[in-house]
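See structure below.
This chain uses plain numbering: 1 for the first residue, then up along the sequence. Not measured: the values here are computed from a predicted model. Quick note: numbers below take in every heavy atom, side chains included, and nothing from hydrogens, waters or symmetry partners.
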Amino acid sequence: MMTWEYAPAPESRALANLKPSYRPFVDGEFVDGAGEPLKSVNPATEEILAEVGTAAQSDVDTAVKAARRAYEKVWRPMPGSERAKYLFRIARLIQERSRELAVLETLDNGKPIKESRDSDLPTVAAHFFYHAGWADKLDYAGFGPDPRPLGVAGQIIPWNFPLLMLAWKIAPALATGNTVVLKPAETTPLTALVFAEICRQADLPPGVVNILPGAGDVGELLVGHDGIDKIAFTGSTEVGKLIQRQVAGTPKRLTLELGGKAANIVFDDAPLDQAVEGIVNGIFFNQGHVCCAGSRLLVQESIVDELLDKLRYRISTLRLGDPLDKNTDVGAINSADQLAKIRELTESGEAEGAHRWTSPCPVPDRGFFFAPTVFSDVHQSMRIAREEIFGPVLSVLTFRTPDEAVAKANNTPYGLSAGIWSDKGSRILSIANRLRAGVVWANTFNRFDPAAPFGGYQESGFGREGGRAGLEGYLDV
């Protein structure tokens, strides 16, 4: 079958307005952090993008004090309708600067520009617009007659969706009257610091938002600080457990959005071509750097050969390469450490007897790239079926009956998401009610909306982000 050849269509990196250095943002100003500076690296080329100042204990103390002062004197007393104006202004500025932010996100993170541009940035703005609408309506949200903000929120976000995770956390915190000290991921701090510029553009009162780049030690300082009232963390299950231990016995509130090993279940009556597109989106979107990625494909035994033939063909058409090229489907792995983890787990899959198929796409000589890979003949005891790979690697298991599908889907310590593919609505509803997952998609995957709550069970964490339910995590009700 003939396939199209795409000429290069690179986006201009000049749009990112990249600076040689970036600094922490505290009390409305960019300051020299007392921590050891770090280098932000472009994962597609391994070049250094910028030097980033980081925070130390003194900076955390200053930021928390500034957030407390802003909370008590400005932000909490401010009417919700006035807080909403700031959030609306931030949302519009994000839209105005969306092309700049998308290019910077792709440079710093490695994801394809079409994902940054068409998925991440519109959703970032949508979260601020949505939560702005709640700011003056909290009394009518069903949380009682007098829902009150918690105070100062310490927020720690991951590297897979740097700006989107920032929006998921900052927007509801500000809408409910809290102030924020946020730590971006060590490898992707740049768009968070440009967001700080947007806060200044919006004339947000000093101290309402503070951004402290740094490694895990900065996050640990933030979690342990006595001036923090609430911790919101998105990241690995291992770190989430450490945070929960550290917060235990303190009055701090806590929400955790952690790892996942989602099951994507395809029944024999599913629309296969549609399912293939959903499977590809579920695991190869953002190079598989998605906590809710559909990394376990459960296929009814009678259709597994047909589905795998279609799936392998579709994957072979995915274009891997320069993330700034608008034709690229699969970009760069975010870091050398993450690439090493993906390779180690795929090697374990081969060693344990699974059948590996890797896309024949060319892989660049430079940068952190990994070709899309599918394992078939996978058993539940294998590491690739149990552990979160967080990369473009799909494990395929089979089932015969709906009961077996549910048992295999639930055979995991995680519980973040799942997908069901079937032509029967009754089957979808029946299976969805039996799956232990916070989000279940039907005949689609990776669909998000600011009005819809997102979160998990078991080792995928607790609490919800987005929607009315997500507001509750920032309110004393």
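Put simply, the side chain of Lys261 never gets that close to the backbone of Gly294: no donor and acceptor are under 3.5 Å apart. No donor-acceptor pair under 3.5 Å is formed between the side chain of Thr54 and the backbone N or O of Gly214. A distance-only check finds a donor-acceptor pair linking the side chain of Asn446 to the backbone of Asn281 [under 3.5 Å]. Without hydrogens or angle criteria, Glu352 side chain to Met382 main chain gives no donor-acceptor distance under 3.5 Å. Side-chain atoms of Asn286 do not come within 3.5 Å of backbone N or O of Lys111 as any donor-acceptor pair. Asp229 places no side-chain N or O within 3.5 Å of a backbone atom of Ala153 that could act as its donor or acceptor partner. Side-chain atoms of Thr398 do not come within 3.5 Å of backbone N or O of Glu301 as any donor-acceptor pair. At least one donor-acceptor pair closer than 3.5 Å links the side chain of Asn410 to the backbone N or O of Arg436. For the pair Asn42 (side chain) and Leu49 (backbone), a donor-acceptor distance under 3.5 Å is absent. Between the side chain of His355 and the backbone N or O of Ser376, no donor-acceptor pair lies under 3.5 Å.
Applying the side chain to side chain donor-acceptor pair (under 3.5 Å) test to Asp273 and every residue at least two apart in sequence or in another chain returns Lys310.
Residues Arg314 and Glu277 meet the side-chain proximity criterion, which asks for heavy atoms closer than 4.5 Å. The shortest side-chain heavy-atom distance between Leu101 and Leu163 falls under the 4.5 Å cut-off. Taking the side chain as every heavy atom from C-beta outward, Arg427 and Phe267 approach each other to under 4.5 Å. With a 4.5 Å cut-off on side-chain heavy atoms, Leu311 and Leu394 count as touching. Contact annotation: the side chain of Gln287 approaches that of Pro112 to within less than 4.5 Å [non-hydrogen atoms, C-beta and beyond]. Counting heavy atoms from C-beta outward, Lys230 and Leu254 have side chains that stay 4.5 Å or more apart. Under the 4.5 Å side-chain criterion, counting only non-hydrogen atoms from C-beta, Lys114 is not in contact with Thr328. Side-chain contact between Pro37 and Val52: absent, with no pair of heavy atoms (C-beta onward) separated by less than 4.5 Å.
Between Arg356 and Glu350 there is a salt bridge, since at least one side-chain N of the basic residue sits less than 4.0 Å from a carboxylate O of the acidic one. In this structure, Glu465 pairs ionically with Lys169, as a charged nitrogen and a carboxylate oxygen lie closer than 4.0 Å. Looking at Arg386 and Glu459, no side-chain N of the basic residue comes within less than 4.0 Å of a carboxylate O on the acidic one, giving no salt bridge. Under a 4.0 Å N-O distance rule, the pair Lys408/Glu404 qualifies as a salt bridge. Using a 4.0 Å cut-off between charged nitrogen and carboxylate oxygen, Glu51 and Arg23 do not count as a salt-bridge pair. With respect to the salt-bridge test (charged N to carboxylate O, under 4.0 angstrom), the residues Glu344 and Lys341 do not qualify. Using a 4.0 Å cut-off between charged side-chain N and carboxylate O, Arg97 and Glu197 make a salt bridge. A salt bridge is defined here as a Lys NZ or Arg NE, NH1 or NH2 lying under 4.0 Å from an Asp or Glu carboxylate O, and Asp325 with Arg319 fails to meet this definition.
Residues Leu150 and Asn178 approach most closely at N-OD1, 2.8 Å, considering heavy atoms. Among all heavy-atom pairs drawn from Gly259 and Glu388, the shortest one is CA-OE1, 3.5 Å. Closest approach of Ile389 to Ile342, counting heavy atoms only: O-CG1, 3.8 Å. Here the closest heavy-atom approach between residue Ala232 and residue Tyr474 is recorded as CB-OH, 3.4 Å. What you find for Val378 and Ala354 is that their closest heavy atoms are CG2-CB, 4.1 Å. The two residues Phe448 and Cys292 have their closest heavy-atom pair at CZ-SG, 3.6 Å.
Interatomic distance, Trp421 CH2 to Thr444 OG1, rounded to the nearest 0.5 Å: 5.5 Å. For the atom pair CG of Leu345 and CZ of Phe390, the computed distance is 13.0 Å after rounding to the nearest 0.5 Å. Here OG1 of Thr317 is found 15.0 Å from CZ of Arg312. Values are rounded to the nearest 0.5 Å.
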inquiry  = Before you tell me yes or no, could you show the steps for Gln300 and Ser302 under side-chain hydrogen bond (donor to acceptor under 3.5 Å, both in side chains), namely the whole-Å CA-CA distance, both residues' side-chain angles and the distance that decides it to 0.1 Å?
reply    = CA-CA 6 Å; Gln300 197 148 17; Ser302 60; 5.4 Å; no
request  = Check the pair Ile170 / Leu174 against side-chain contact (heavy atoms from CB on, under 4.5 Å), numbers first and verdict last.
outcome  = CA-CA 6 Å; Ile170 289 183; Leu174 298 192; 3.7 Å; yes
ask   = Given the rule in the side-chain hydrogen bond (donor to acceptor under 3.5 Å, both in side chains) test, do Asp108 and Ser40 qualify, once you have shown the distances and angles that lead to the verdict?
value = CA-CA 7 Å; Asp108 203 24; Ser40 183; 2.4 Å; yes
request  = Evaluate side-chain contact (heavy atoms from CB on, under 4.5 Å) for Trp357 paired with Ile315, printing each intermediate quantity in order.
outcome  = CA-CA 10 Å; Trp357 178 89; Ile315 294 170; 3.7 Å; yes
message = Please evaluate residues Thr401 and Asp403 with respect to the criterion side-chain hydrogen bond (donor to acceptor under 3.5 Å, both in side chains), reporting the C-alpha separation (whole Å), side-chain torsions for both, the decisive distance (0.1 Å), and the verdict.
response = CA-CA 5 Å; Thr401 67; Asp403 286 345; 5.3 Å; no
ask   = Can Ser116 and Thr106 be said to form a side-chain hydrogen bond (donor to acceptor under 3.5 Å, both in side chains), step by step?
value = CA-CA 7 Å; Ser116 300; Thr106 288; 2.9 Å; yes
key: Glu387 vs Arg383, salt bridge (Lys or Arg N to Asp or Glu O under 4.0 Å): CA-CA, chis, key distance, verdict   = CA-CA 6 Å; Glu387 298 182 27; Arg383 290 181 63 196; 2.8 Å; yes
Evaluation steps, side-chain contact (heavy atoms from CB on, under 4.5 Å), between Leu435 and Ile420 = CA-CA 10 Å; Leu435 295 178; Ile420 304 171; 4.0 Å; yes
message = Checking Glu220 against Arg245 for the salt bridge (Lys or Arg N to Asp or Glu O under 4.0 Å) test, could you report, in this order, the C-alpha distance in whole Å, the side-chain angles of both residues, the deciding distance, and whether it holds?
response = CA-CA 12 Å; Glu220 188 175 357; Arg245 292 189 190 101; over 6 Å; no
inquiry  = With side-chain contact (heavy atoms from CB on, under 4.5 Å) as the criterion, how do Asn210 and Val180 come out once you've worked through the C-alpha distance, each side chain's angles and the decisive distance to 0.1 Å?
reply    = CA-CA 6 Å; Asn210 305 270; Val180 166; over 6 Å; no
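A cation-pi contact links Arg464 to Tyr457, judged by a cut-off of 6.0 Å to the six-membered ring centre and 45° from its axis.
Asn109 and Thr188 are not linked by any side-chain donor-acceptor pair at a separation below 3.5 angstrom, with hydrogens and angles left out of the test.
Ring geometry for Phe445 versus Trp441: interplanar angle of 30 to 60°, hence tilted.
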Return a table of donor-acceptor pairs under 3.5 angstrom between the side chains of residues 368-375 and protein atoms on other chains or two or more places apart.
from, atom 1, to, atom 2, distance (Å)
Thr373, OG1, Thr358, OG1, 3.1
Thr373, OG1, Ala371, O, 3.0

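If you run side-chain contact (heavy atoms from CB on, under 4.5 Å) between Phe233 and each of Val223, Thr255, Leu258, only Leu258 comes through.
The environment of Arg434 atom CZ is dense: over 12 non-hydrogen atoms of other residues, nucleotides or ligands sit within 6.0 angstrom. With a 6.0 Å radius and a threshold of 12 heavy atoms from other residues, nucleotides or ligands, Gln95 has its CD atom above the threshold.
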